[in-house]
Amino acid sequence: MNALFARHALLANGWQRDVLLEWDVRGDLTKVAPEASPPLGVARVDYVVPGMVNLHSHSFQRAIAGLTERAGESLDSFWTWRDLMYRVANRITPEQMEAVAAQLYAECLRHGYTSVCEFHYVQRAPGGHEYGNPAETAQRVAQAARDSGIGVTLLPVMYAYAGFNDAPLREDQERFRTDPAQVLRIVEALEPLRGPQLEVGAAPHSLRAVSAGQLRELVQALPAGRPLHVHIAEQQLEVAQCLEATGMRPVDWLMHHTDVDARWCLVHATHLSDGERDRVAASGAIAGLCPTTEANLGDGLFPLAPYVGAGGRFGIGSDSHVSQSPVEELRWLEYGQRLAHQRRNIAVDGAERDVGTFLWQGALAGGAQATGRRLGVLAPGRRADLLVLDSAHPNLDGVPPHEVLGRFLFSGNDNLVRDVLAGGHWVVQGGRHMAQDAIAQRYKAAVRTLHAY
């Protein structure tokens, strides 16, 4: 029997006692029964929570995490970091992409992510030549997801211009070049891979990288219901350039040129006017927040409190992968707000006053929506994605359920994730990934060559 008995499990309506969870061979939950009796032969654990969604990833950037922390002669910013990142983007091979992505995904699983949205824009060969298979690199990422066991939403990226007013791509951006037809060919090539553990959407890279006509063409041609993600309003310079080029702020421009609804994830959305903020909240779209990357790049702080107050939905992503932990993303989402507002306990609403619970449940619901997959809650028909927390750790020993998420997110730096079930398969047990050593060896060989160590 594919089953687990939890003394305490976090369900849609909060913590419940004595929960029996069962799942089928496809990895879908078939039974979630509180107040159950423990069947013979079924493993018993103390605390179970749904696995978190990582809604924004550039997996190849795991290879440069920690390597860009040296000041240049001029003031450093996102734009100087981007130049350094391009050097690796223009050297990495498909084989290296697969090895790096598998390492990243194994790390994400060990820390509590059970699914990821891969915002994939390195589509071409070095120098900008097309591969014979238009989905060559995307399929490598899909293989890395299979090898690690993580669920994935692949988002082939449209990237046509270097800046507003259709500025031509720089030489070091040619590897990213795609138009709507090319993105749709990649989507079509990935179609046979779609299934319970893999969905396919698309992503206009940013407003500076696509035209209004290309945006409309891609959105209209993408199969109905598929997720759409876009970088938007991440940097103040980007906002200023958008205003100069179009006379409109980024979110206003996007909403003027296409219908933004629940299919959309607006990644970063850091610098919004009050009106834009409220329009995003009303649209049903997800604000895709990546606090560790946004801090690392000096982007700024998202207006979380008024956005939540307007009914806005959000999720978290690890983006450039300076961290692979949802605990760190959520902790810094809250801490950034505390620093900005000089008060405590900000991420709450009228229905949920516990910060840890609000953050986990809110990010989980928003992230699930952004994937286009059946995730986000432990309930029949949803994917069997869950975390068993380490109740023997001093931080959780004997803790009542209503305090578990507060301890998990805001107490120390040990990883409190003991076991991870993703798509009905145990991929992490006792804190170790099922293929941890083999994946790490491939990663080390890839990075050694990539950086010529």
Side-chain angles (χ1 to χ4, degrees), residues 6-17 19 21 32 34-35 46-55 112-115 262 265 269 277-278 280-291 301-317 325-371 375-379 382 385-387 389 391 395-396 399-411 416-417:
R7 288 183 58 233
H8 306 285
L10 183 64
L11 307 186
N13 56 345
W15 286 99
Q16 300 296 318
R17 290 184 58 85
V19 180
L21 302 114
V32 180
E35 306 296 334
D46 288 322
Y47 303 120
V48 166
V49 298
M52 184 49 67
V53 176
N54 183 339
L55 59 59
Y113 290 117
T114 49
S115 59
C265 178
R277 178 198 68 213
D278 292 345
V280 173
S283 73
I286 302 301
L289 310 179
C290 307
L301 291 169
F302 179 81
L304 184 67
Y307 177 73
V308 167
R313 306 176 188 183
F314 68 95
I316 56 166
S325 169
V327 168
E328 190 167 11
E329 299 298 339
L330 292 173
R331 183 180 294 183
W332 278 102
L333 178 56
E334 170 69 12
Y335 282 177
Q337 302 300 310
R338 294 185 186 191
L339 289 168
H341 297 287
Q342 299 180 51
R343 59 186 178 89
R344 302 185 71 251
N345 298 331
I346 291 174
V348 295
D349 64 11
E352 180 57 70
R353 307 303 292 172
D354 181 79
V355 175
T357 302
F358 178 85
L359 286 171
W360 195 265
Q361 295 283 57
L364 188 58
Q369 180 179 316
T371 68
L375 308 172
V377 64
L378 298 178
R382 302 296 183 100
D385 286 5
L386 60 83
L387 315 179
L389 301 184
S391 59
N395 287 351
L396 293 181
V399 171
H402 68 275
E403 293 182 354
V404 165
L405 287 170
R407 290 287 189 102
F408 182 35
L409 297 185
F410 296 106
S411 177
L416 302 184
V417 177

| field | By side chain to side chain donor-acceptor pair (under 3.5 Å) - contacts of Arg313 (at least two apart) | value | Gln369
| query | Is there a donor-acceptor contact under 3.5 Å from the side chain of Trp360 to the main chain of Pro50? | reply | yes
| field | Atom CH2 of Trp332 with >12 non-hydrogen neighbours under 6.0 angstrom | value | no
| Who pairs with Arg277 by side chain to side chain contact (heavy atoms under 4.5 Å, CB included), at least two apart in sequence or on another chain? | Leu272, Asp274, Pro303, Pro306, Tyr307
| note | Rounded to the nearest 0.5 Å, the CG atom of Leu359 sits from the CD atom of Glu352 at a distance of 10.0 Å
| query | Between His8 and Arg17, is any pair of side-chain heavy atoms under 4.5 Å apart? | reply | yes
| Among all residues two or more places apart in sequence or in another chain, which pass the salt bridge (Lys or Arg N to Asp or Glu O under 4.0 Å) test with Glu334? | Arg338
| field | Pairing residues for Ala340 by the side chain to side chain contact (heavy atoms under 4.5 Å, CB included) criterion, not counting sequence neighbours | value | Leu301
| message | Test of understanding: with salt bridge (Lys or Arg N to Asp or Glu O under 4.0 Å), list the residues that count as partners of Arg331, not counting sequence neighbours. | response | none
| Reference residue Val48; test side chain to side chain contact (heavy atoms under 4.5 Å, CB included); the match among Leu11, Leu387, Leu378 | Leu378
| message | Ala363: which residues meet the side chain to side chain contact (heavy atoms under 4.5 Å, CB included) condition with it, sequence neighbours left out? | response | Met52, Phe314, Ile316, Leu330
| task | Could I get the full list of ring-ring contact (aromatic ring centres under 6.0 Å, His included) partners for Phe410, not counting sequence neighbours? | result | Tyr335
Determine all donor-acceptor pairs shorter than 3.5 Å in which one atom belongs to a side chain in residues 401-408; sequence neighbours excluded.
| residue | atom | partner | partner atom | Å |
| --- | --- | --- | --- | --- |
| Arg407 | NH1 | Asn395 | O | 2.8 |

| remark: Taken in chain and number order and not counting sequence neighbours, the residues that satisfy salt bridge (Lys or Arg N to Asp or Glu O under 4.0 Å) with Asp46 are Arg7
| message | Restricting to side chain to side chain donor-acceptor pair (under 3.5 Å), what partner residues turn up for Thr357, sequence neighbours left out? | response | Asp354
| field | Results of side chain to side chain contact (heavy atoms under 4.5 Å, CB included) for Ala12 - residues two or more places apart only | value | Val377
| query | What residues form a side chain to side chain donor-acceptor pair (under 3.5 Å) with Gln361, not counting sequence neighbours? | reply | none
